[in-house]
Amino acid sequence: VAARLREIVGPEHVVDDADVIDSFARDWTGRFHGRASLVVRPKDTGEVAAVLRVLHDAGVPVVPQGGNTGLVGGGVPMEGEVVLTLRRLDQLGELEPLTAQVTAGAGVTLAQLSAHARAAGRDFAIDHGGRDAATVGGMIATNSGGIHAVRYGTTRAQVVGVEAVLADGSVVGSLAGLVKDTAGYDLASLLVGSEGTLAVITRARLRLVPRPAFHATALLALRDGEAALHAFATLRAQVPSLHAAEAVFGDGLELAAERLGVEVPVGGGGGERGVHVLVEAASHIDPLDELAAALDEIDADGVAFAQDARQRERLWALREGISEAIAAHGIPHKLDVAVPVPVLPAFAGAVRALVARERPGARTVLFGHLGDGNLHVNVLGLDPADDDLDGAVLWCATDHGGTISAEHGIGRAKRRWLSLVRSEAEIAAMRQIKRALDPAAILNPGAVLPE
Ligand SMILES: Cc1cc2nc3c(=O)[nH]c(=O)nc-3n(C[C@H](O)[C@H](O)[C@H](O)COP(=O)(O)OP(=O)(O)OC[C@H]3O[C@@H](n4cnc5c(N)ncnc54)[C@H](O)[C@@H]3O)c2cc1C
C-alpha cells in the first residue's frame, strides 16, 4: 500500500519517520495520544481520490486531519491508521464580488482565509483562538462556532457548497456557488459536522460577510451569572451591531492574566461567583455610542472600555489566553457543552458543585460563548482516563436541556455518551448513512458513533 501511495503523491509525501508521525498522533490538549502507520500528504482532489481508492481496496483505515486543533481527539489516529493530512490543499480562489463568495481548499487555515477576505474588503464570519492552524476542512467537519456565532451562526451558515471524496474515491459535490439549489439531498449539509467519518472534504465554496470598519470593545465585571444574563439581554436588545459576547466564570481571567504577566483591567467580578463578560460591537459606522448607552444601563461592578486598537487586542488576548493558561497547569478534561441561554448560570453552578463533590481535588475553569449558551467546562487534576466524571458533566448538561457537544464535535472523547442526546432511532439512521457512504468503514473508524 505504501508503495502505491508513493506513486500517487510522490515519495516525499508519504511519511514513515516515527518522530514525525508521532506529532500527527497527539492532540492539542495532550489527552489523546495514539499511533499512526503512515502520514500521507496529497496536494489536490485528484490525489486524495487516488489515495482513498488504494486504501479502500486494501481495507486500510484512514483518519483525515487538518490543523489538528480539534479538542475531542477526532483527528487523532489511535490504532495505527493512515493519517491523511489535507494541509497541502491550501489554494484560495479570487473573491467573486457579485455573490461575495470564495472557493477555498480544505487545508487553508482560518487565519489565511480571514486575511484573504479582508484584503478584498470582506470578512469570514467564523473566528476563534485556533485560527493560525485550524483549517477550512476541519472547521466544516466539526461545524466550528467561535466568537461571532452570536451574530452570524456557525460554519454551517457560511457553507454554500462542498467538494468531497467518498471512501471509494468518487468525487462528489458542487462549487458553483448557487445559493438556491434544492435538487435532492444536500450532501454539503450532511458533511458539515461529519468529523471525517463520511467523506474527505477537499474544497468549499464559502460565503463572506461585510467587513466592519469600526469596533467597540469592553470588559465587564459582574457579580454573578444572573447579572451576566441581564447584561446580555440588554446588549441583545440595544446593540444591533453586537459582534461577540464572551463569558469567563470565576477566576478564569485571572489565570490568563497571570500567564500573560498582566493585570485584569477591571475590578470586581472575581471570586467563585463573579463573571467577566467581554463584549464587542462592530459595524460600518462607529458603534461606540450604541454600546456605551447599553452599558450605562447595566449594573456592572466595573467596566473597562478599549480606547484604541492596542487595548482591544489586550482584552482579546486575555480571553483567548485562557486555553493556554489552563494547559500550562496540566492536561485538562475539556467538555464543550451548550445549554439554553436562560439556564446557563444554573448549569455553571451545578457543574462546579458536581466536580467539587465527585473529585474534591480537581479545579474547574468555566468560560465560553455567552450568547450561544455555550460553556467550555475545563477540569484540571484528573487522570486522563477518568471518563466517569466526563459522563457526569455531560449528563448534567442534558439534564439542563442542553447538548453534550456545542462546537467541538463528538470525536473519540464523547462517543460513549451520544445516546444522551440522540435517540436509538437517530443513532440507527446515522449508522445507515455511514454504511451507505463508507461501506468498508475505513473513514475515521473510532469517531462519533458509539461502538
Ligand atoms: C486555542 C483553541 C481555541 C479554539 N476555539 C474554538 C472555538 O472558539 N470554536 C470552535 O468551534 N472550535 C475551537 N477550537 C477547536 C478547533 O480549532 C476546531 O474544532 C477546528 O474546527 C478544527 O479544525 P482543524 O483543521 O484543526 O481540524 P482537525 O483537528 O485536524 O480535525 C478535526 C476533525 O475534523 C476531521 N477533518 C479535518 N479535516 C477534514 C477534511 N478535510 N475532511 C473531512 N474531515 C476532516 C478530522 O478527522 C477530525 O474528526 C479551538 C482550538 C484551539 C486549539
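Keep in mind that this is a model prediction, so the values were computed, not measured.
Between Arg416 and Asp387, at least one side-chain nitrogen of the basic residue sits less than 4.0 Å from a carboxylate oxygen of the acidic one, meeting the salt-bridge criterion. A salt bridge links Asp390 with Arg31: the distance from a Lys NZ or Arg NE/NH1/NH2 to an Asp or Glu carboxylate oxygen falls below 4.0 Å. For Glu320 and Arg131, the salt-bridge test passes: some basic side-chain N is under 4.0 Å from an acidic carboxylate O. Electrostatic pairing of Arg88 and Asp44 does not count as a salt bridge here, judged by no charged N lying under 4.0 Å from a carboxylate O.
Under 3.5 Å, the side chains of Ser144 and His128 contain a donor-acceptor pair of N or O atoms. Using modelled atom types, one finds a donor on one side chain and an acceptor on the other under 3.5 Å when comparing Thr103 with Arg205. Counted by atom type alone, His369 and Glu407 present one or more donor-acceptor pairs between their side chains at under 3.5 Å. With 3.5 Å as the limit, one finds a donor-acceptor pair spanning the side chains of Thr154 and Asn143. No hydrogens or angles considered: nothing links the side chains of Gln158 and Thr155 as a donor-acceptor pair under 3.5 Å.
The backbone N or O of Val20 lies less than 3.5 Å from a partner atom in the side chain of Asp17, making a donor-acceptor pair. At distances below 3.5 Å, not a single donor-acceptor pair connects side-chain atoms of Glu195 with backbone N or O atoms of Val448. In terms of modelled atom types and a separation under 3.5 Å, the side chain of Asp438 and the main chain of Ile442 share a donor-acceptor contact. In terms of modelled atom types and a separation under 3.5 Å, the side chain of Lys43 and the main chain of Val9 share no donor-acceptor contact. Using a distance-only test at 3.5 Å, with no hydrogens or angles considered, no donor-acceptor pair links the side chain of Arg41 to the main chain of Arg87. Side chain of Asp123 to main chain of Ala125: no donor-acceptor pair is present (N/O by atom type, distance under 3.5 Å, no hydrogens or angles).
Among Leu253, Asp251, Val248, Leu315, the single residue meeting the side chain to side chain contact (heavy atoms under 4.5 Å, CB included) criterion with Val264 is Leu253.
Checked against side-chain contact (heavy atoms from CB on, under 4.5 Å), Ile433 has the following partners two or more places apart in sequence or in another chain: Leu190, Leu198, Leu437.
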Output side-chain donor-acceptor pairs under 3.5 Å for residues 63-82, partner residues at least two apart or in another chain, one line each.
unit_1 : atom_1 : unit_2 : atom_2 : d
Gln65  : NE2    : Phe24  : O      : 2.9
Gln65  : NE2    : Gly75  : O      : 2.8
Asn68  : ND2    : Arg26  : O      : 2.8
Glu81  : OE1    : Met78  : N      : 3.0
Glu81  : OE1    : Glu79  : N      : 2.8

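In the displayed structure, Glu263 atom CD is contacted under 6.0 Å by at most 12 heavy atoms of other residues, nucleotides or ligands.
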